[in-house]
Protein chains: 2
Amino acid sequence: MVGITTQAGSATQPRTPLSKVRVLDAAVALADEGGVDALSMRKIAQALDVVPMALYKHVANKNELLDGMIDVLVGEIDPPAGDTDWKTAVRRRVLSARRMLLRHPWAPEVIESRIKARSTPTPAVMAYLDSMIGIFRAGGFSVDLVHHALHVMGSRLLGFSQELFQDSSDGEPDPDALAPEEMAARYPHITELAMAVAHDQESVVGSGCDDQFEFEFALDLTLDGLERLRLGTR
Amino acid sequence: MVGITTQAGSATQPRTPLSKVRVLDAAVALADEGGVDALSMRKIAQALDVVPMALYKHVANKNELLDGMIDVLVGEIDPPAGDTDWKTAVRRRVLSARRMLLRHPWAPEVIESRIKARSTPTPAVMAYLDSMIGIFRAGGFSVDLVHHALHVMGSRLLGFSQELFQDSSDGEPDPDALAPEEMAARYPHITELAMAVAHDQESVVGSGCDDQFEFEFALDLTLDGLERLRLGTR
DNA sequence: CTTGACGGGTGTACGGCGTACACCTACCGT
DNA sequence: ACGGTAGGTGTACGCCGTACACCCGTCAAG
């Protein structure tokens with residue numbers, strides 16, 4: 001009865017080894033079928049036929065695991081279509097993101113909770129946003145207008161609400177922060193936008209972006225759109 | 001050393017008794033200063049100088065406590081101003097809600113998580129929505145247009161995203177559901193809207209509301225608004 | 001062929017969590 | 001005087017995340 005392994009049913013084949021993606025995929029699958037409350041390190045381990053502590057060789061802790069899960073989801077969003085106007089490109093992308101969210105109803109909650117706990121989104125989210133900004137820029141939007149547009153789109157870009165970059169300058173300086181040049185190389189559009197916003201009002205100490213203004217801008221745009229609809233002048 | 005009470009510092013005065021609102025207020029205060037992760041029944045009890053199990057005489061369990069906390073927050077939103085046009089009325093209300101959310105940054109996450117766990121929002125949330133719908137109706141919006149408008153506003157109405165009423169017809173029939181007539185009396189506008197939507201397309205089996213259509217409607221309204229901005233035709 | 005480092009799975013243990021259940025007690029209407 | 005009841009207490013259970021020590025197979029260097 002006592003085989004080579006303590007966990008595997010059959011002791012013959014050496015069992016495919018764990019890996020970060022295997023752990024992440026198992027976690028996503030578990031969340032899909034039981035919601036995020038039913039997700040625990042112990043359950044993931046059980047699903048992988050492994051002892052709980054084994055997971056920690058591949059993810060630092062549960063928070064990092066959640067971050068990784070988000071990245072998996074973002075990876076499910078279709079890449080931008082390069083051969084159309086900005087509007088249909090954005091439209092397709094957002095609808096693709098929505099489809100992903102419908103597949104994983106627990107996602108918004110996790111994204112919401114993770115954003116509040118990190119100073120900066122994960123690289124996959126950054127890349128997604130960067131390419132989204134790229135679509136707007138290619139469509140003839142000014143940097144400022146793209147900035148407004150992102151706020152207007154708000155939660156429609158992904159599950160999450162405003163204040164994506166709320167304040168990247170609090171607490172300790174984030175050990176895995178990118179050097180500026182690498183940042184610019186990897187996320188050109190985000191960098192461009194960030195620089196513009198920063199220069200725009202260098203007197204302000206805050207986040208370099210007047211959240212209140214942006215919120216009201218988006219709100220008014222929406223209200224005006226509704227008004228137009230009400231009057232039939234569309 | 002052994003006084004009348006085991007918990008209170010001084011055993012002389014009989015200590016103000018617990019109550020649901022005292023528990024809720026303490027919970028909100030704790031969440032405000034430590035985030036929702038730092039919220040535990042044990043911590044709340046400690047803050048109230050009481051043993052953890054005492055809380056359960058006033059709230060059924062932690063989920064009900066979270067629901068109650070949301071109600072407290074919704075109660076902080078200013079009531080609608082009755083003496084203006086619909087647009088400024090909505091505007092003020094939404095901005096008031098936003099101020100509340102800024103005071104309680106943990107709120108969106110909790111709201112998000114609670115919505116997924118309940119078939120119907122709490123009464124306070126219902127009342128908030130009802131009066132919001134009332135503002136639109138009084139402003140001359142048709143029932144259908146209000147319906148669209150709610151979807152368009154999306155997360156701006158509160159912290160939460162779309163699918164507020166996602167599918168009230170799954171699982172068991174919800175023990176504390178209201179009788180239709182009481183429902184109509186208490187939330188007249190919600191009832192009106194729900195009836196209209198239901199009649200609208202009685203052939204469809206689903207939720208009586210084509211979520212996909214609504215999502216795209218809101219998306220397109222937003223995109224059109226952005227396009228107008230881009231072209232300077234505003 | 002030995003050896004030693006090391007990547008990766010294991011086992012034990014700790015403190016914190018939500019809460020079921022039994023209890024105790026002060027008060028109040030009869 | 002007395003039984004009920006509302007409300008606070010104490011104990012205990014099972015789950016959680018994870019620190020820490022361990023152990024073993026692989027493989028490069030000697």
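These numbers come from the heavy atoms of this one structure, side chains and all, not from hydrogens, waters or symmetry mates. In the text below, chain A, chain B and the rest are named by the order of the sequence lines, each starting its count at 1.
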Using heavy-atom distances to pick each residue's nearest nucleotide on DNA chain C, tell me which of A/Leu18 and B/Leu39 is more 5'.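 Looking at DNA chain C, the more 5' nearest nucleotide goes with A/Leu18.
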Grab the two heavy atoms, one from [X] and one from [Y], that are nearest each other, plus how far apart they are.
X        : Y        : value
A/Ile135 : A/Ala89  : CG2-CB, 3.7 Å
B/Val23  : B/Ile44  : O-CG2, 4.2 Å
A/Pro108 : A/Pro105 : CD-O, 3.3 Å

Could you list the residues that satisfy side-chain contact (heavy atoms from CB on, under 4.5 Å) with [X], not counting sequence neighbours?
X       : value
A/Pro52 : A/Arg42, A/Ala45
B/Val72 : B/Leu24, B/Asp25, B/Val28, B/Glu76
B/Asp78 : B/Ser96, B/Arg99
A/Ala29 : none

Need the bend value for the helix from C/dC1-D/dG30 to C/dT30-D/dA1: angle between end axes, 5 pairs each end, nearest 10°.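 End-to-end axis angle for the helix from C/dC1-D/dG30 to C/dT30-D/dA1: 10°, rounded to 10°.
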For the pair made of [atom1] in [X] and [atom2] in [N], what is the distance, rounded to whole Å?
X       : N      : atom1 : atom2 : value
B/Leu55 : D/dG10 : CG    : C1'   : 15 Å
B/Glu64 : C/dG18 : CD    : P     : 15 Å
B/Leu48 : D/dT9  : CG    : P     : 11 Å
B/Lys43 : C/dG18 : NZ    : C1'   : 13 Å
B/Ile44 : C/dG18 : CD1   : C1'   : 11 Å

Pairing residues for B/Arg93 by the side chain to side chain donor-acceptor pair (under 3.5 Å) criterion, not counting sequence neighbours: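 B/Arg93: side chain to side chain donor-acceptor pair (under 3.5 Å) contacts with B/Ser131.
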Sort and list the pairs that fulfil ring-ring contact (aromatic ring centres under 6.0 Å, His included) and have at least one residue in residues 91-114 of chain B, not counting sequence neighbours.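 For residues 91-114 of chain B, and leaving out neighbouring residues, the ring-ring contact (aromatic ring centres under 6.0 Å, His included) pairs sorted by first residue read B/His104-B/Trp106.
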Side chain of A/Lys57, base of C/dG7: donor and acceptor closer than 3.5 Å?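 Not at all, since no donor on one side and acceptor on the other fall under 3.5 Å apart.
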Table please: side-chain donor-acceptor pairs of residues 58-66 of chain A below 3.5 Å, with sequence neighbours left out.
unit_1	atom_1	unit_2	atom_2	d
A/Asn61	OD1	A/Asn63	N	3.1
A/Asn61	OD1	A/Glu64	N	2.9
A/Lys62	NZ	A/Leu39	O	3.0
A/Asn63	OD1	A/Arg114	NH1	3.4
A/Glu64	OE2	A/Lys20	NZ	3.2
A/Glu64	OE2	A/Ala60	N	3.3

Output, in order, the C-alpha distance, side-chain angles, deciding distance and verdict of side-chain contact (heavy atoms from CB on, under 4.5 Å) for B/Arg103 and B/Asp32. CA-CA 8 Å; B/Arg103 278 196 300 275; B/Asp32 281 346; over 6 Å; no
Answer yes or no: does a side-chain N or O of A/His58 lie under 4.0 Å from OP1 or OP2 of C/dG9?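 Yes, A/His58 has a side-chain N/O under 4.0 Å of OP1/OP2 on C/dG9.
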Residues within residues 27-38 of chain B bordering DNA chain C, heavy-atom distance below 4.0 Å: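 Listed by number, there are none.
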Taking N or O atoms only and anything under 3.5 Å, show me the protein contacts with nucleotides 18-20 of chain D, one pair per line.
unit_1	atom_1	unit_2	atom_2	d
D/dT18	OP2	A/Tyr56	OH	2.9
D/dT18	OP2	A/Lys62	N	2.9

